[in-house]
J.: 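Structure below; questions to follow.
Values in this document were obtained by computation on a predicted structure and should not be read as measured data. Lettering of chains follows the sequences in order, A, B, ..., and the numbering in each one begins at 1.
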Number of protein chains: 2
Amino acid sequence: MPSQPGLSPIDVQRLKTACSTCSLRELCLPAGLDQRGLEQVDRLVNRRRPIRRGDYLYRSGAGLDSLYAIRTGFMKSCVLHEDGREQVAGFHMMGDLMGLDAISSSRHMCDAVALEDSEVCEIPLAALEQLSHDIPSLQQHFHRIMSREIVRDYGVMLLLGTMRAEERLAAFLLNLSQRFAARGYSSTEFHLRMTREEIGSYLGLKLETISRALSRFHEENLIEVRNKHVKIIDMEALRGLIGQPSGAS
Amino acid sequence: MPSQPGLSPIDVQRLKTACSTCSLRELCLPAGLDQRGLEQVDRLVNRRRPIRRGDYLYRSGAGLDSLYAIRTGFMKSCVLHEDGREQVAGFHMMGDLMGLDAISSSRHMCDAVALEDSEVCEIPLAALEQLSHDIPSLQQHFHRIMSREIVRDYGVMLLLGTMRAEERLAAFLLNLSQRFAARGYSSTEFHLRMTREEIGSYLGLKLETISRALSRFHEENLIEVRNKHVKIIDMEALRGLIGQPSGAS
DNA sequence: TCCGGGATTTGATCCAAATCAAAACCCGTG
DNA sequence: CACGGGTTTTGATTTGGATCAAATCCCGGA
């Protein structure tokens with residue numbers, strides 16, 4: 001992406017600051033912004049809000065007013081069925097945009113819960129729409145973000161519909177690894193912010209199954225696990241595990 | 001939704017014609033359009049394309065140039081995994097918009113296959129983005145459509161992650177029923193355009209399981225099935241079936 | 001109309017993951 | 001620093017759906 005006309009190096013610097021302020025590189029960095037757009041994004045992105053571990057960012061059924069970009073921390077979103085069943089629909093970290101589900105009906109369709117103390121940027125949807133009207137590249141980028149969520153969902157469906165327990169867990173660990181790497185953290189060593197039960201819910205499995213699979217990976221020297229700390233020892237073997245009708249161990 | 005200022009009854013008529021031409025009520029009817037917008041939508045929506053049963057509308061990996069609104073017919077979209085596994089990610093009918101997955105990377109991330117002879121309207125993405133820039137209410141509506149797809153996906157995840165075989169099938173039948181009803185067709189009697197195997201793929205089950213569950217529903221007088229023809233006898237019982245840890249029959 | 005191949009049904013058996021159960025562990029808190 | 005509740009591990013058993021197998025059905029094409 002070449003730098004945009006009318007965007008001085010100083011502007012670029014300010015933009016990066018504004019965006020990194022809110023970990024919004026996802027949302028605004030790729031958009032070519034002029035001076036005015038820059039200021040507008042600045043303003044848009046400035047409402048911060050801290051959330052304590054265990055607190056809800058929003059609840060299913062609540063009215064939509066804003067989207068939320070995660071600045072720091074870790075969250076989950078859960079879909080609920082009236083009968084009380086619930087399913088973790090995703091885990092979200094720094095830079096992720098949450099609340100897209102609510103645009104369709106102006107009501108949130110899932111719960112968002114902080115898995116550790118976090119901070120988000122509130123982005124009023126109306127302002128975002130206005131701004132992406134004024135800045136076409138922002139509009140495009142916003143569309144890409146929504147589309148990416150759809151693609152992610154398709155991946156989860158494939159996982160839930162066709163994979164065996166160990167494949168699912170391997171895919172999950174590799175996905176986390178990638179996402180940490182993309183944010184400049186270690187791709188091989190990280191802390192699971194969620195419980196075994198939450199992993200299980202996300203992967204359509206029970207917590208015991210998660211625990212057993214982790215133990216097996218450990219035994220086979222694919223990973224090291226101690227509580228919530230995970231170290232990936234053999235990334236390749238983990239990758240190879242996906243797509244095997246049954247283990248070749 | 002009150003009628004828009006500057007939109008004469010004749011305009012409304014033309015708009016409805018233009019939209020129903022392509023079954024695009026989803027895409028443009030709710031948007032308040034002025035005379036000029038109207039003409040633009042007309043133009044945007046005018047590229048028709050027939051597809052024969054079994055043909056691909058697009059394939060995973062192909063470049064994105066257009067979205068597609070289904071005018072008539074029935075399609076499926078399938079996500080593929082490199083190892084050959086595939087999963088039906090959705091079934092699409094009249095009025096549905098396909099191709100949203102491709103916006104994120106300008107490449108299609110799934111296959112789209114016609115399950116019967118169909119006709120779609122090709123909507124060049126660039127033109128749609130331009131137009132939704134010119135017509136804010138169209139922009140909003142487009143966002144809602146993408147968001148709705150995300151919500152739908154969450155529902156599928158819940159289904160795949162938490163429901164038992166019979167619950168999944170009941171949910172599937174009820175969903176089809178609703179969608180047919182919304183399009184003015186019978187909500188109780190319809191033709192399955194897909195095979196048992198495709199239903200199974202969508203629901204994360206094997207074709208034999210689908211067949212058995214359909215038979216059981218038939219035995220219990222919830223539905224009548226003969227080949228691909230389905231008649232729902234006891235909609236309430238079918239609804240009640242969802243959310244039962246195990247059958248109360 | 002008859003033929004052939006895919007689609008569907010149904011049965012028997014198997015197996016991966018769920019469930020039930022209990023012990024161990026870990027961490028935050030008083 | 002000991003207590004207590006939630007989390008995790010591990011084992012034994014059960015089970016829902018997969019798999020294997022075979023008969024039947026149905027529809028499109030010659």
Side-chain angles (χ1 to χ4, degrees), chain A residues 52-54 76 85 87-88 113 115-117 159-170 172 191-220 223-230 241-242 244-249, chain B residues 52-54 76 85 87-88 113 115-117 159-172 191-220 223-230 241 244-249:
Chain A
R52 304 282 285 284
R53 176 192 152 106
K76 68 171 176 179
R85 267 182 297 197
Q87 159 116 5
V88 174
V113 183
L115 296 181
E116 62 182 22
D117 291 354
L159 179 146
L160 291 173
T162 71
M163 290 190 184
R164 321 167 82 282
E166 292 196 355
E167 293 181 87
R168 294 185 200 190
L169 187 61
F172 171 74
H191 227 75
L192 297 174
R193 269 77 169 197
M194 68 296 282
T195 66
R196 305 285 191 263
E197 186 168 20
E198 285 161 336
I199 298 174
S201 171
Y202 180 61
L203 299 178
L205 300 167
K206 291 292 160 188
L207 67 107
E208 296 96 327
T209 305
I210 301 300
S211 178
R212 280 185 239 272
L214 283 173
S215 301
R216 208 158 331 128
F217 287 175
H218 198 158
E219 276 166 28
E220 290 167 1
I223 63 173
E224 273 170 22
V225 221
R226 171 143 183 87
N227 306 322
K228 310 213 137 157
H229 186 268
V230 170
L241 227 155
I242 301 173
Q244 307 306 343
S246 198
S249 72
Chain B
R52 305 280 287 283
R53 176 192 154 106
K76 68 171 175 179
R85 266 181 298 197
Q87 160 116 4
V88 173
V113 184
L115 296 180
E116 62 181 21
D117 292 353
L159 179 146
L160 290 173
T162 70
M163 289 190 186
R164 322 166 80 288
E166 292 196 356
E167 291 182 270
R168 295 185 198 190
L169 187 61
F172 171 74
H191 228 75
L192 298 173
R193 268 77 167 195
M194 67 298 281
T195 65
R196 305 285 191 264
E197 186 168 20
E198 285 161 336
I199 299 173
S201 171
Y202 180 61
L203 299 178
L205 300 167
K206 292 292 160 187
L207 68 104
E208 295 96 328
T209 305
I210 302 300
S211 178
R212 278 186 240 271
L214 283 174
S215 300
R216 209 159 329 130
F217 287 176
H218 198 156
E219 276 167 29
E220 291 167 1
I223 63 174
E224 273 169 23
V225 220
R226 169 142 184 89
N227 306 320
K228 310 212 138 159
H229 186 267
V230 171
L241 228 155
Q244 306 306 341
S246 199
S249 72

J.: Starting at NE2 of A:His218 and ending at C1' of D:dT9, how long is that distance when rounded to a whole Å?
T.: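 About 13 Å, once rounded to whole Å.
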J.: Has B:Arg168 got a side-chain atom pairing as donor or acceptor with B:Leu160's backbone, closer than 3.5 angstrom?
T.: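 Yes.
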J.: Hey, is the side chain of A:Lys228 poking within less than 4.0 Å of OP1 or OP2 on D:dT7, counting only N and O atoms?
T.: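 False: A:Lys228 side-chain N/O out of range (4.0 Å or more) of D:dT7 OP1/OP2.
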J.: If I take atom CD from residue B:Glu166 and atom CD1 from residue B:Ile210, how far apart are they, to the nearest 0.5 angstrom?
T.: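 B:Glu166 atom CD to B:Ile210 atom CD1 measures 10.5 Å (nearest 0.5 Å).
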J.: Please name the pair of heavy atoms, one in A:Ala213 and one in A:Leu169, separated by the smallest distance, quoted to 0.1 Å.
T.: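 For A:Ala213 versus A:Leu169, the nearest heavy atoms are CB-CD2, 3.6 Å.
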J.: Of B:Arg193, B:Arg53, B:Arg52, which is the lone residue that meets salt bridge (charged side-chain N to carboxylate O under 4.0 Å, His left out) with B:Glu116?
T.: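 The option that passes is B:Arg193.
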J.: In whole angstrom, give the distance that lies between atom CZ of B:Arg53 and atom P of C:dA7.
T.: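 In whole Å, C:dA7 P and B:Arg53 CZ are 9 Å from each other.
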J.: Between P on C:dT9 and CG on B:Leu214, what's the gap in Å once rounded to a whole number?
T.: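 Atom-to-atom, B:Leu214 to C:dT9, this comes out as 7 Å.
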J.: What is the distance from NE2 of A:His229 to C1' of D:dT7, rounded to the nearest Å?
T.: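 Going from A:His229 (NE2) to D:dT7 (C1'), I get 18 Å.
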J.: Please state how far atom CG in A:Leu160 lies from atom P in C:dA16, giving the value in whole angstrom units.
T.: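 Nearest whole value for this atom pair: 19 Å.
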J.: Mind checking what makes salt bridge (charged side-chain N to carboxylate O under 4.0 Å, His left out) contact with A:Glu198, not counting sequence neighbours?
T.: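 So A:Glu198 forms a salt bridge (charged side-chain N to carboxylate O under 4.0 Å, His left out) with A:Lys76.
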J.: Tell me the bend of the helix from C:dT1-D:dA30 to C:dG30-D:dC1 as the angle between end helix axes, each from five pairs, rounded to the nearest 10 degrees.
T.: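 Comparing the first five pairs with the last five, the axes sit 50° apart.
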J.: Taking B:Ser211 for the side chain and B:Leu207 for the main chain, is one N or O donor matched with an acceptor at less than 3.5 Å?
T.: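 No, B:Ser211 side chain to B:Leu207 backbone: no donor-acceptor pair under 3.5 Å.
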J.: Listed in order of residue number, which residues of residues 205-212 of chain B have a non-hydrogen atom at under 4.0 Å from DNA chain D?
T.: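 Per residue number, the list reads B:Leu205, B:Lys206, B:Glu208, B:Thr209, B:Arg212.
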J.: Once you round it to whole Å, what is the distance between P of C:dA7 and CD1 of B:Ile199?
T.: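 Taking CD1 of B:Ile199 and P of C:dA7, I get 13 Å after rounding.
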J.: Which value, rounded to the nearest 0.5 Å, describes the distance between A:Arg196 atom CZ and A:Arg212 atom CZ?
T.: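 A:Arg196 CZ to A:Arg212 CZ: 13.0 Å, rounded to 0.5 Å.
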J.: Specify the separation, in whole Å, of atom CD of A:Glu197 and atom P of D:dT8.
T.: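 Result: 9 Å.
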J.: I want to confirm an ordering. Mapping A:Asn227 and A:Gly204 to their closest nucleotides on DNA chain C, which one lands closer to the 5' end?
T.: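 Final value for this comparison: A:Gly204.
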J.: Measure from CG on B:Leu203 to C1' on D:dG16 and round the result to the nearest Å.
T.: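 From B:Leu203 CG to D:dG16 C1': 16 Å.
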J.: Between A:Val113 and A:Gly54, what is the shortest heavy-atom contact and its length?
T.: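 Shortest heavy-atom contact: CG1-O, 3.8 Å.
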J.: What do the steps show when you test B:Glu167 against A:Arg85 for side-chain contact (heavy atoms from CB on, under 4.5 Å), and what is the final call?
T.: CA-CA 13 Å; B:Glu167 291 182 270; A:Arg85 267 182 297 197; 2.5 Å; yes
J.: Would you please confirm or rule out a distance under 4.0 Å between OP1 or OP2 of D:dT7 and any side-chain N or O of A:Arg196?
T.: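 It does not, given that no N or O in the side chain of A:Arg196 lies less than 4.0 Å from OP1 or OP2 of D:dT7.
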J.: Reckon A:Thr195 has a side-chain N or O less than 4.0 Å from the OP1 or OP2 of D:dG6?
T.: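 For D:dG6, OP1/OP2 do not have a side-chain N/O of A:Thr195 under 4.0 Å.
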J.: Between A:Arg226 and A:Ala165, which is nearer to the 5' end of DNA chain C once each is assigned its nearest nucleotide?
T.: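 Its nearest nucleotide lies further toward 5', so the answer is A:Ala165.
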